[in-house]
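Working notes, beginning with the structure itself.
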Amino acid sequence: MLVYDATKAQFLSDNNDHDIEEVILSHYRATTGRSVNPSELRSWKESLGCMAKVLSDRDIPDDIGVAIELHIPQTSKRIDLILTGRNAKGDKQVVLIELKQWEKARSTVKDAIVETYIGGGVRESVHPSYQAWSYSALFEGFNEAVYLGGIQVHPCAYLHNYGRDGVIDSDFYAGYIAKAPLFLKGTEERAKLRGYIKQYLQIGDNKEVLLELANSPIRPSKALADSLKKLLKAQSEFVLIDDQKEIYESILAAARTTSDEQSKVIIIEGGPGTGKTILALHLLVQLISDGLNGKYVSKNAAPRKVYEAKLVGSMTRSRFSSLFAGSGGFIESEPNSFDMLIVDEAHRLNEKSGLYGNLGDNQIKELIAAAKCSVFFIDEDQRVTMADIGSKQAIRDFAVASGAEVEEYELASQFRCSGSDGYLAWLNNTLDIRATANEQLTSEEYEFKVFDSPDELHHAIKAKNIHNRARVVAGYCWPWRSKKDKQAYDITIGESYQRQWNLDQDGSLWIIAENSIEQVGCIHTCQGLEVDYIGVIIGPDLIVRDGEVITSAEQRHSNDRSIRGYKKLKKENPELAQKKADLIIKNTYRTLMTRGMRGCYLYCTDSETNEYFRSRLTNELASTQIEPVGVAD
């Protein structure tokens with residue numbers, strides 16, 4: 001989608017003889033049917049006015065192409081400004097310019113991240129050079145005219161209100177500035193930007209290159225699929241077996257036969273360790289290799305960050321982000337703009353999107369509308385926040401309303417928890433999620449232990465962390481003091497156990513970061529991922545009295561967003577609020593206690609609850625846990 005296109009001469013006329021922001025707004029309304037907020041209108045006025053000064057150079061041909069608000073392939077983002085033409089040899093050239101009105105910024109310890117004033121407050125944002133470079137990389141990965149070599153893209157960033165201060169242009173960001181030069185405030189900087197443009201655009205194209213770029217088919221390059229294949233080859237557990245293979249072939253057949261006239265929605269249900277993510281990644285690789293246009297989508301950022309880290313060296317971050325996306329990025333997607341969307345952890349989908357939960361209509365509806373074939377992997381027992389709306393029935397309802405064909409499958413093969421279906425059934429019964437015949441845990445294949453102190457549990461998990469594949473997690477019942485005070489402890493239990501929540505700098509990579517065995521993770525950093533051994537601390541939000549499992553949302557810390565809305569709902573409908581909170585808390589611990597592929601170690605802050613879990617083990621299993629585990633000094 002292209003909002004505004006013109007030659008340089010026409011652009012300068014629109015700026016000098018008219019109000020450029022009103023011209024762009026008129027085009028925007030005609031293209032999208034929507035308007036923009038006053039701040040964006042002001043940004044058009046200021047930034048495009050500054051660009052008009054840059055382009056008022058007689059050595060820049062009057063007939064180069066000028067594009068404003070060009071839609072980026074595979075995203076809902078738009079590029080501020082693109083200039084097109086040819087170099088002296090006649091090669092097709094594009095100069096991509098990211099425009100910012102920033103005046104100040106602060107550096108951070110995070111790669112390519114700065115802090116600046118945005119949207120009424122100081123927030124983190126990607127460095128403008130990184131942003132421009134990542135946008136150009138998307139064209140290299142998905143725009144056929146670019147990745148086949150017909151058009152060359154040169155990114156840069158222009159911060160026309162920002163004077164050089166050694167922060168935005170510091171050595172920390174030099175790698176990205178080298179890929180996308182940074183031009184700042186002042187006449188000297190303006191001259192440098194003119195020189196950059198004239199280096200590539202020496203012959204006008206009368207918008208020919210621009211229109212070829214905008215109208216080029218959106219297809220993934222072969223390099224993207226090759227990178228994903230390397231990820232699968234490196235993981236021996238990524239081999240499809242039995243029902244996984246059967247469902248995989250059925251989904252491929254469905255995806256290859258969809259059309260604009262007949263879309264399809266596929267629902268795959270499966271519990272922990274049934275291979276939902278393995279299957280999703282295989283589908284992404286094959287369908288991308290087939291030349292189809294699609295994405296892997298997940299609400300939770302942690303799995304995406306882990307996959308990104310594993311692909312370092314074989315795929316750029318910008319290309320990765322074009323294939324792996326959050327669930328809130330499809331609000332503005334055109335109908336059927338993707339051949340397929342593979343939605344993992346669909347039970348975590350929300351109704352609204354955006355930082356404040358005020359954007360869009362419904363994520364399920366938006367995902368179905370955006371793709372000819374949408375595939376939803378779901379486990380309703382892993383809904384762990386008040387905002388989670390993903391259910392099979394909701395997906396069916398939106399699919400039927402859209403006129404899509406619906407196919408449903410169920411994964412049964414168990415990989416996590418040493419393949420112990422009995423452990424999962426026992427856990428459902430023990431947490432009072434649903435009644436099963438498994439009142440006692442009898443399986444010796446899966447190692448489950450109950451500890452009398454958090455120190456013993458943490459020491460035991462640390463001993464299992466031979467290959468960086470063991471972690472300790474807990475319910476969100478303690479404050480996150482260390483986020484502001486790096487020396488403060490978050491989780492304090494008794495006189496000796498003091499730990500911090502997962503480090504802020506690790507973020508979603510906590511589960512694979514070095515030394516993170518020393519910290520404690522939560523549901524937000526481990527859902528959708530697994531380790532060999534998981535240590536779980538059950539906090540005061542779940543206790544057992546006389547065999548009855550009792551939950552208390554009030555015992556969750558107020559910073560825990562998973563129960564946001566509980567207090568308001570409790571005033572309106574106490575019974576419904578308790579029912580929802582009860583399910584969320586139980587599902588949270590069920591999810592935490594199924595992250596371990598080989599074993600789960602448990603400690604409960606409430607002694608009666610600790611004894612309850614121990615009492616649910618067979619005498620043989622319980623007898624192996626009488627001797628206390630030594631704690632390191």
Side-chain angles (χ1 to χ4, degrees), residues 72-77 111-113 126 130-131 133-135 137-142 218-235 238 251 255 268 275-290 292-331 333 337-350 353 363 366-367 370-371 373-378 390 507-512 524-530:
I72 305 172
Q74 296 285 73
T75 76
S76 59
K77 304 291 185 180
D111 182 57
I113 300 297
V126 294
Y130 177 90
Q131 190 174 5
W133 164 73
S134 66
Y135 288 171
L138 289 179
F139 279 109
E140 294 171 2
F142 286 92
I218 299 174
R219 296 194 184 98
S221 68
K222 185 175 181 294
L224 296 178
D226 288 343
S227 295
L228 288 171
K229 287 178 182 177
K230 291 177 184 177
L231 173 62
L232 294 181
K233 287 179 180 179
Q235 304 292 329
F238 277 13
I251 297 172
I268 299 100
K276 297 188 296 296
T277 298
I278 294 172
L279 182 53
L281 290 173
H282 270 281
L283 286 167
L284 180 67
V285 170
Q286 186 57 57
L287 293 171
I288 290 294
S289 298
D290 288 349
L292 296 180
N293 170 28
K295 286 178 180 283
Y296 169 99
V297 180
S298 66
K299 164 66 168 58
N300 192 3
R304 300 198 307 274
K305 288 294 184 181
V306 170
Y307 302 148
E308 178 182 358
K310 290 184 177 182
L311 283 167
V312 168
S314 61
M315 180 183 291
T316 65
R317 289 184 176 181
S318 56
R319 288 185 176 180
F320 177 92
S321 64
S322 67
L323 291 174
F324 292 77
S327 56
F330 300 87
I331 299 169
S333 294
S337 53
F338 296 90
D339 293 313
M340 50 85 189
L341 290 175
I342 299 169
V343 187
D344 204 1
E345 306 280 324
H347 40 271
R348 294 299 317 280
L349 293 175
N350 294 165
S353 301
Q363 289 184 354
E366 290 154 4
L367 288 162
C373 180
S374 48
V375 184
F376 294 88
F377 290 88
I378 191 168
S508 296
L509 290 177
W510 166 81
I511 204 164
I512 62 171
H524 308 300
T525 52
C526 70
Q527 189 170 23
L529 301 167
E530 70 276 324

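Being a predicted model, the structure only gives us computed values, none of them experimental.
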*Keeping the roles fixed (side chain from Asp344, backbone from Phe377), state whether a donor-acceptor pair exists under 3.5 Å.*
no

*Can you tell me how far the CG atom of Asn293 sits from the CG atom of Leu287, to the nearest 0.5 Å?*
11.0 Å

*Any chance you could lay out the side-chain contact (heavy atoms from CB on, under 4.5 Å) test for Asn350 and Lys299, step after step, and finish with the verdict?*
CA-CA 8 Å; Asn350 294 165; Lys299 164 66 168 58; 2.9 Å; yes

*What is the distance from atom NE2 of His282 to atom CD1 of Ile251, rounded to the nearest 0.5 Å?*
12.5 Å

*List the atom of Gly294, the atom of Leu323, and the distance in Å for their closest heavy-atom pair.*
O-CD2, 3.8 Å

*Separation of Ser327 OG from Arg348 CZ (nearest 0.5 Å)*: 9.0 Å

*Do you know the tightest heavy-atom contact between Cys373 and Ala255?*
SG-CA, 3.9 Å

*What do the steps show when you test Glu345 against Asn300 for side-chain contact (heavy atoms from CB on, under 4.5 Å), and what is the final call?*
CA-CA 8 Å; Glu345 306 280 324; Asn300 192 3; 5.5 Å; no

*Got a second to check how far Ile342's CD1 is from Ile268's CD1, nearest 0.5 Å?*
9.0 Å

_Distance (rounded to the nearest 0.5 Å) between Leu367 CG and Gln363 CD_ = 6.5 Å

*Can you name the closest pair of heavy atoms from Cys526 and Ile511 and give their distance?*
CB-CD1, 4.0 Å

*Measure the acute angle between the ring planes of Phe330 and Phe338, then classify it against the limits of 30° and 60° as parallel, tilted or perpendicular.*
perpendicular

*Considering non-hydrogen atoms only, spot the tightest contact between Val126 and Gln131 and give its length.*
CG2-CB, 3.9 Å

*Just do the side-chain contact (heavy atoms from CB on, under 4.5 Å) check on Met340 and Leu284 with the steps written out, would you?*
CA-CA 9 Å; Met340 50 85 189; Leu284 180 67; 4.3 Å; yes

*Can you name the closest pair of heavy atoms from Ser333 and Gly329 and give their distance?*
OG-O, 4.1 Å

*Leu341 and Ala370: which non-hydrogen atoms are nearest, and at how many Å?*
CD1-CB, 4.0 Å

_Could you walk me through whether Phe324 and Leu281 satisfy the side-chain contact (heavy atoms from CB on, under 4.5 Å) test, starting with their C-alpha distance in whole Å, then the side-chain angles of each, then the deciding distance to 0.1 Å, before giving a yes or no?_
CA-CA 10 Å; Phe324 292 77; Leu281 290 173; 3.9 Å; yes

